[in-house]
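All chains are named by letter (A, B, ...) in the order of the sequence lines, taking the proteins before the strands, and each is independently numbered beginning at 1. Below, each value reflects all heavy atoms present in this structure, side chains not excepted, and no hydrogens, waters or symmetry copies.
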Amino acid sequence: MLTQELTRPIRSTSTPAELSALATLMVEEEATVSDAPLYTPEDAGVGILALGLLLSPKPPKNR
Amino acid sequence: MPISDATPQEEFSRAAERMAVRALDVLSALGGADATSATAPHRSDGPAAALGGTRAELGGARVLGADLFAPYLLTGTPLHPGLDEARAMALAFEQYPPAQPQAPQPAAAQPGAPQPAVPQAADRAASAVVWRDWAAAEVLGRCGHRVPVPPPDGHEPQDGAADQWQQWSVWMAQLSPLALPGLDSPVHDSARRNPRALGRGAVRAMLRRDYRTAARIARWLSLGQAQGVASPVRLEPLLHHVRLFGGPSARTALDVRVGERLAEAGP
């Protein structure tokens with residue numbers, strides 16, 4: 001006889017919170033992610049302009 | 001007694017992830033090697049090999065459902081009562097028995113309003129739980145463990161349900177553990193009849209970057225393809241993309257692997 005074999009039935013001691021958690025996990029809904037990102041050219045334009053200003057080299061100093 | 005601040009949902013979720021990792025390991029072991037020798041390590045040969053030793057693991061087994069046996073069903077390995085998975089699932093059904101059946105409530109009758117073919121969200125969730133319990137109990141019965149599970153009468157998908165393909169495909173995603181070889185039900189019939197709606201649902205999930213849902217729906221398309229129903233979307237690149245970008249979830253990885261195995265099987 002296997003030593004780990006159960007010789008008595010276990011009694012369910014599940015709580016309502018556990019059963020509710022199980023039901024929630026079993027019926028996993030689709031993710032609440034946003035739809036695919038939309039193309040917004042005005043945002044890209046402002047971003048590129050700001051990036052260009054930030055990365056532009058300083059003008060040479062006159063001596 | 002372990003002290004943990006985790007909620008039951010967090011504990012069950014983590015346990016389900018561990019169970020999914022185990023299923024993936026078993027699938028890898030059974031996939032290439034001789035089936036009879038590969039099953040040996042997964043029998044209860046000692047305390048260290050025991051499965052379902054904690055309440056969290058039993059809850060994880062209930063969450064995973066029939067997917068716990070996916071490696072055996074996919075590889076055609078004989079099921080028997082000595083499997084660790086079978087013992088754990090039987091204990092899980094004792095610890096967390098299925099809810100009493102409740103037939104879906106008809107929508108509030110409005111004169112002249114058509115009856116919706118797809119039930120509302122709450123009824124959809126209840127139906128999904130009933131079908132998942134049915135599938136787990138069905139496979140468990142083949143292992144030689146009978147558990148009392150209410151029959152899914154009254155929860156069959158209605159004709160025309162797939163016309164509302166967004167809700168229907170999400171419902172089918174919730175039923176992805178049923179998409180295994182050897183299981184058959186009205187849900188499977190509905191999936192075979194509506195590959196186009198499943199394809200739309202899979203593409204929508206991909207566009208939403210909801211890769212978990214996409215993988216779950218793709219399992220139904222893969223199962224249909226294995227049974228001779230042509231898939232409206234190419235499954236290989238879809239599953240490959242989900243495998244790359246689907247995140248670290250082992251349950252998603254298991255869905256992808258099952259889908260790949262079914263798609264490889266072909267008609």
Side-chain angles (χ1 to χ4, degrees), chain A, chain B residues 7-13 16 43-47 49-50 53 55-56 58-60 62-65 82 87 90-99 121 124-129 132-133 166 169-171 173-177 201 204-214 216-217 251:
Chain A
M1 176 182 168
L2 294 174
T3 54
Q4 72 273 15
E5 194 163 342
L6 285 176
T7 56
R8 58 178 173 77
I10 64 171
R11 190 175 300 163
S12 172
T13 56
S14 55
T15 63
E18 288 177 328
L19 294 176
S20 172
L22 279 181
T24 303
L25 288 171
M26 287 170 78
V27 291
E28 192 178 352
E29 284 285 343
E30 60 180 353
T32 53
V33 293
S34 63
D35 282 331
L38 299 177
Y39 177 60
T40 51
E42 63 276 14
D43 285 354
V46 170
I48 291 172
L49 183 62
L51 191 65
L53 286 172
L54 286 173
L55 295 179
S56 60
K58 293 179 180 177
K61 292 179 179 177
N62 292 326
R63 291 188 175 180
Chain B
T7 63
Q9 189 163 338
E10 290 168 342
E11 286 185 357
F12 292 160
S13 180
R43 299 181 63 157
S44 290
D45 295 332
R55 294 169 69 92
L58 296 179
R62 288 284 278 119
V63 171
L64 218 55
R87 292 171 184 234
L91 286 175
F93 267 105
E94 286 187 42
Q95 180 66 36
Y96 302 110
R124 275 206 312 272
S127 295
V129 169
R132 288 173 64 114
D133 282 345
Q166 292 189 14
S169 59
V170 171
W171 187 66
Q174 292 171 335
L175 294 175
S176 64
R204 174 175 179 268
M206 291 295 284
L207 290 174
R208 296 181 77 241
R209 290 179 290 175
D210 181 1
Y211 298 125
R212 169 130 188 76
T213 299
R216 291 185 290 167
I217 297 175
R251 293 176 67 191

Those residues that, when tested against A/E18, pass salt bridge (Lys or Arg N to Asp or Glu O under 4.0 Å) (two or more places apart):
B/R55
Contact origin within B/V170 toward chain A - heavy atom pairs under 4.5 Å
side chain
Which bit of B/R62 comes within less than 4.5 Å of chain A, counting heavy atoms only: side chain, backbone, both or neither?
both
Side chain, backbone, both or neither: which part of A/L19 has a heavy atom under 4.5 Å from chain B?
side chain
Identify the two heavy atoms, one from B/F93 and one from B/P98, that lie closest to each other, and give their separation to 0.1 Å.
CD2-CD, 3.9 Å
Under a 4.5 Å cut-off applied to non-hydrogen side-chain atoms, are B/R204 and B/D210 in contact?
no
Under 4.5 Å, counting heavy-atom pairs only, tell me which of B/A214, B/A205, B/P8 racks up the most with chain A.
B/P8
What are the two closest non-hydrogen atoms of A/A21 and B/F12, and how far apart are they?
CB-CD1, 4.1 Å
